[in-house]
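Before any comments, here is the structure.
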Number of protein chains: 2
Amino acid sequence: MLDVAPPKYPHEVLAVVLRVRDGRLEVLLWRRAEKPYAARWALPGGALGAHERLGTAIARHLADKVDVREIAHLEQLETRSDPRRDPRGRVLATAYLGVVPSDAEPSLPQDTAWHAVDGLPPTAFDHGSLVESGRARLGAKLSYTTIGFALAPKAFTMSQLRDIYSAALGHQVSATNLQRVLLRRHVIERTDITAPPTESGGRPAAVYRFPDRSLRVTDEFPAFRPRS
Amino acid sequence: MLDVAPPKYPHEVLAVVLRVRDGRLEVLLWRRAEKPYAARWALPGGALGAHERLGTAIARHLADKVDVREIAHLEQLETRSDPRRDPRGRVLATAYLGVVPSDAEPSLPQDTAWHAVDGLPPTAFDHGSLVESGRARLGAKLSYTTIGFALAPKAFTMSQLRDIYSAALGHQVSATNLQRVLLRRHVIERTDITAPPTESGGRPAAVYRFPDRSLRVTDEFPAFRPRS
DNA sequence: GCAAAAGTGTTACAATTACACCCATGC
DNA sequence: GCATGGGTGTAATTGTAACACTTTTGC
């Protein structure tokens, strides 16, 4: 099939790293110093190494921007191939979705900052639309997988988790129903610990946690399935 | 970021083209003539052209194996990057999922044939696991999108559609409930035409169709959403 | 009339939403 | 006691599965 030497292309990896903070969904961006798109905000990433897998490459590049140990989940999103997506020349790009718990406090380099996903500043290349892809993927998976573990702290109250889900989904979520749905599916479990009330008082809240901190599909799409 | 010239890699596109025939889910494979993996079955595809997008490339390569006009739906699946996935040297591969209606009868070249997805012959490279990815994606999307249009003929009876869904999902589906679910979501609509009974007799069946033959999400994951 | 397949009516069941109400704490 | 959230009980709603029964044809 490959009679002649096949053409080769530079390949980069990018990451849409999301977290919830102050009730908003945020994405990690760094400010470009040089042309093209000087002073615009861009996704972290970089070139794929000669003997590297894509997943390893994105972890390596992210290490320059954040403490990778803070990234609780990482999955492949999509590969972009528009020949004109980089004005300097053709570069293929595979984007990943990364998720950081809301209580993580990674120290960031000078040029790097979190930005609210709603109302992004001007972005470089096709990175703005990749952020949208990442947000959509996270929103969908919150409803049928355990990906919430990556967004939440190790231990949390239901109101904290409600605020996290609300911000990530972009609409109000009821703590009452969230608790019941997640408990029934065994996505979260209650611990013996209770948290003290906040300044404004109120009953102390029970502390919950995700029993397994890895991705698992909980809601096999029920349509057209025998009840078993 | 790219101070030195970045490394370049050969990039190929592959397609997992699925259809339902004789009550089984089938994938399009071609038999390799040369090493490596001589005589093994492989996914159609080929190199990415210098100024080409991935989607265009896979359509071009597929044209060698099938009449591309028969492919009712095509979407990106995932990108594989294991440096050893091709023993001849490193090749990145982006796989697509293609879907062909069950009544299409594309003529195939000598080396190409449909194979039941259950019980595949030995395959080349990592193509076997890509077929699994494709099957999983199709199965999930059948439940929450209109992707069924790509699998079904333009017009069909409910029993035909039931057989198609059963084969693609790998479990029994009730025509009664399938009809109601798809009608309520306006995924299918009834036409004025009735089909004559088969040889074994029986009441003539109403003919249905998919009103829009493009992908649409029908079942926004309902979890945690206000009823609005 | 009878067999076969299609289609409808109806009930059962499961999951979720909405909301009223009770609980536990600080002040 | 009362304000403030946390949490439970429960009814309403929705969507799907299961299945009996009716309809429409060929022979």
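Heavy-atom basis, side chains included; hydrogens, waters and symmetry copies ignored. Below, chains carry the letters A, B, ... as their sequence lines are ordered, and counting in each starts from 1.
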Which residues satisfy the side chain to side chain donor-acceptor pair (under 3.5 Å) test with [X], sequence neighbours excluded?
X	result
B:R24	B:E26
B:R135	B:D118, B:E132
B:Q76	none

Just the atom pairs and distances: protein N or O near nucleotides 21-24 of chain D's N or O, under 3.5 Å.
from	atom 1	to	atom 2	distance (Å)
D:dT23	O2	B:R203	NH1	2.9
D:dT24	O2	B:R203	N	3.3

Axis bend over the full length of the helix from C:dG1-D:dC27 to C:dC27-D:dG1, computed from five pairs that close each end, to 10 degrees: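 Angle reported: 20°, given to the nearest ten degrees.
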Within this structure, what is the [atom1]-to-[atom2] distance between [X] and [N], rounded to whole angstrom?
X	N	atom1	atom2	value
B:E189	C:dG7	CD	C1'	18 Å
A:L161	D:dG5	CG	P	18 Å
A:I193	D:dG7	CD1	P	13 Å
B:R184	D:dT16	CZ	C1'	7 Å
A:F156	D:dG5	CZ	P	21 Å
A:Y144	C:dT16	OH	P	16 Å
A:Q160	D:dG7	CD	P	11 Å
B:R162	C:dG7	CZ	P	10 Å

Parallel, tilted or perpendicular: which one describes the rings of B:F210 and B:F149, with boundaries at 30° and 60°?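 Ring orientation of B:F210 relative to B:F149: perpendicular.
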Do [X] and [Y] come within less than 4.5 Å of each other through their side chains, counting heavy atoms only?
X	Y	answer
A:L138	A:L151	yes
B:L92	A:T79	no
B:R80	B:H127	no
B:F125	B:R32	yes
B:L130	B:L14	yes
B:L54	B:Y96	yes

Which nucleotide in the set D:dG9, C:dG7, D:dT16 lies at the smallest distance from any side-chain heavy atom of B:A205?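 That would be C:dG7.
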5'-most by nearest nucleotide on DNA chain C - B:S159 or B:R180: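 On the 5' side of the pair lies B:S159.
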Identify, residue by residue, the members of residues 169-179 of chain B with a heavy atom below 4.0 Å from DNA chain C, and return them in order of residue number, or none.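 Hits under 4.0 Å, by residue number: B:T176, B:Q179.
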Looking at every heavy atom in both A:K65 and A:D111, which two are closest together, and how far apart are they?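 So the two residues come closest at NZ-OD2, 3.3 Å.
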Does a side-chain N or O of A:R190 approach OP1 or OP2 of D:dT8 to a distance below 4.0 Å, or not?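 It does, given that an N or O in the side chain of A:R190 lies less than 4.0 Å from OP1 or OP2 of D:dT8.
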